[in-house]
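Down below is the structure, laid out as structure tokens.
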Amino acid sequence: VTQRLRVRISGGKTSERTVAHGQGDLMINAVPYAFVSVAGKKQQETPIVFPKLVAGEHSVRAKCPDGSLQTKIVRIKSGKRTSVTFTCVK
């Protein structure tokens, strides 16, 4: 994934650069199950893999069968699969 950035530097000048962002996968599971969303995207039932997320921090929200909500922050690393598990039973 690439992104074109414009940066203002001293003297009122600007500079543009293309920045490449790595990608990684996110595997989400829950016990017994949950409906999850990543960065506010549509909820989906676990277990699920979100492929090719931009490397960096992402907010993962889980809605458990009892209606309770849990949120975790995960860090995606380029070229890696990150796993997170929610526990919905008390």
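All values below come from the heavy atoms of this structure, side chains included, with hydrogens, waters and symmetry mates left out.
Proximity of Pro47 to Met27: side-chain heavy atoms (C-beta onward) are separated by under 4.5 Å at one or more points.
Qualifying salt bridge (Lys or Arg N to Asp or Glu O under 4.0 Å) partners for Glu57, counting only residues two or more places apart in sequence or in other chains: Arg75. Residues satisfying the side-chain contact (heavy atoms from CB on, under 4.5 Å) criterion with Ser59, sequence neighbours excluded, are Thr71, Ile73. Lys77 pairs by the side-chain contact (heavy atoms from CB on, under 4.5 Å) definition with Lys80, not counting sequence neighbours. In this structure Arg6 satisfies the salt bridge (Lys or Arg N to Asp or Glu O under 4.0 Å) test together with Glu16, sequence neighbours excluded.
Grouping Ile, Leu, Val, Met, Phe, Trp and Tyr residues whose side-chain heavy atoms lie under 4.5 Å apart, directly or via other members, places Val84 in a hydrophobic cluster with Leu26, Ile28, Val36, Val38, Ile48, Phe50, Leu53, Val60, Val74, Ile76, Phe86.
Within the structure, the disulfide (SG to SG under 2.5 Å) test picks out the following pairs touching residues 31-74 (sequence neighbours left out): Cys64-Cys88.
Residue Ser37 is tested with Lys42, Arg61, Gln44 for a side chain to side chain contact (heavy atoms under 4.5 Å, CB included); the sole match is Arg61.
Of all heavy-atom pairs between Val49 and Arg81, the closest is CG1-NH2, 3.5 Å.
Between the side chain of Asn29 and the backbone N or O of Thr85, no donor-acceptor pair lies under 3.5 Å. With Lys63 contributing its side chain and Gln43 its backbone, the two residues share no donor-acceptor pair below 3.5 Å.
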